[in-house]
Structures are given as structure tokens and as C-alpha cells.
Amino acid sequence: MKHLLLLIFSFFLFSVNVNAQTSAELIGKWKLVKWTKKGKEKDILKEFKTDQVYQVFKDDNKFISVNGEKENKGKWKLSKENDILTIRSGIFVVDFHVDYFDAKKRIITADEVGTLEYEKVE
């Protein structure tokens, strides 16, 4: 019985650490590498007039959207369950569902914009 309780407690601690890591792993610069809307892949260069499209997350919940030479500042928040990423820029607020997320790749989806796939930039 003690071993079972220890195993359950260890699993709980591990899952808490994974959740804490996720928010920290979000910090940094992410490049948009794929965009799909309504089942069709969008041409990033054609849509944005540049292929230099980034999201920059800072540890103080500040956010910068970079499209070529243009920058828009905002705020970000990750839900406690790490499944909803909220980005606020100006008057716009978008809640993205986190489909996949690790230290190097992130896939998020919102009804309004579709599915966005990002890779972390060093």
C-alpha cells in the first residue's frame, strides 16, 4: 500500500513539474512555419507579404507579434491546464487551443484564424 501511495504521489509531483515547465518553455521567439485554415494550407509569404512571421513571448507575460518590419505588442496568458493560450493585442483577444507543445514545436488553433504551427528560434 505504501508503494502505491508513493507511486501516486510521485506521479502527481511529476505532472505538476511538467505543467510548470510548459509556461517556461513558451518564453522565447517562435517562427510561423505552417498555417492551415478550413482544411487548406495558406501561403504565409502571400498572406503576410513576408515569411518572417514570429511570436515573441516574454517572462513578464508581454507578447510581441512580428510580421517582417511590423511589430504589435500585447499580453499572453496560459491556462492552468496549459491547454488554452490567450493572446491580447490592442482590442483583440484570441483564445487558442494548444494542440501540441514541446520545447521546439507548438501547434495552436482558434476558430477565427485556423491552425498555426510554430518552431522555436534560437
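Atoms considered below: every heavy atom in the structure, side chains included; atoms not considered: hydrogens, waters and symmetry mates.
- Linking ILVMFWY residues whenever their side-chain heavy atoms come closer than 4.5 Å, directly or via other members, places Val121 and Ile64 in the same cluster.
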Please table the atom pairs, donor to acceptor, closer than 3.5 Å between any side-chain atom in residues 50-59 and protein atoms at least two apart or in another chain.
| residue | atom | partner | partner atom | Å |
| --- | --- | --- | --- | --- |
| Thr50 | OG1 | Gln52 | N | 3.0 |
| Gln52 | OE1 | Tyr54 | OH | 2.5 |
| Gln55 | OE1 | Arg106 | NH1 | 3.1 |
| Gln55 | OE1 | Arg106 | NH2 | 2.8 |
| Gln55 | NE2 | Tyr118 | OH | 3.3 |

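- Under the side chain to side chain contact (heavy atoms under 4.5 Å, CB included) criterion, Glu47 pairs with Trp35, Lys42, not counting sequence neighbours.
- Note that CG of Leu32 and CZ of Phe48 are 6.0 Å apart. Values are rounded to the nearest 0.5 Å.
- Screening residues 60-74 for side chain to side chain donor-acceptor pair (under 3.5 Å), with sequence neighbours left out, gives no hits.
- Distance CG/Asp83 to CZ/Phe101: 12.5 Å, rounded to 0.5 Å.
- Here Tyr100 pairs with Asp102, Lys105, Ile107 under the side chain to side chain contact (heavy atoms under 4.5 Å, CB included) rule; sequence neighbours left out.
- In terms of modelled atom types and a separation under 3.5 Å, the side chain of Thr36 and the main chain of Lys40 share no donor-acceptor contact.
- For the atom pair Asp95 CG and Leu85 CG, the distance stands at 8.5 Å (nearest 0.5 Å).
- Pairing each heavy atom of Ile44 with each of Lys34, the nearest pair is CD1-N, 3.7 Å.
- Both Val94 and Trp30 are members of a single hydrophobic cluster when ILVMFWY side chains are connected at heavy-atom separations under 4.5 Å.
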Practice task
List the steps and the verdict of side-chain contact (heavy atoms from CB on, under 4.5 Å) for Val93 and Thr86.
Solution key: CA-CA 7 Å; Val93 177; Thr86 302; 3.8 Å; yes

Problem - Residue pair Phe92, Ile87: steps toward the side-chain contact (heavy atoms from CB on, under 4.5 Å) verdict - result: CA-CA 8 Å; Phe92 297 104; Ile87 296 177; over 6 Å; no

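- Under a hydrophobic clustering in which Ile, Leu, Val, Met, Phe, Trp and Tyr are joined whenever their side-chain heavy atoms come within less than 4.5 Å, directly or via other members, Phe96 and Ile27 fall into the same cluster.
- With rounding to the nearest 0.5 Å, the separation of NZ in Lys80 from OG in Ser23 is 13.0 Å.
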Distance-only donor-acceptor pairs under 3.5 Å for side chains of residues 109-117, two or more places apart:
| residue | atom | partner | partner atom | Å |
| --- | --- | --- | --- | --- |
| Thr109 | OG1 | Asp99 | OD2 | 2.3 |
| Thr109 | OG1 | Thr115 | OG1 | 3.0 |

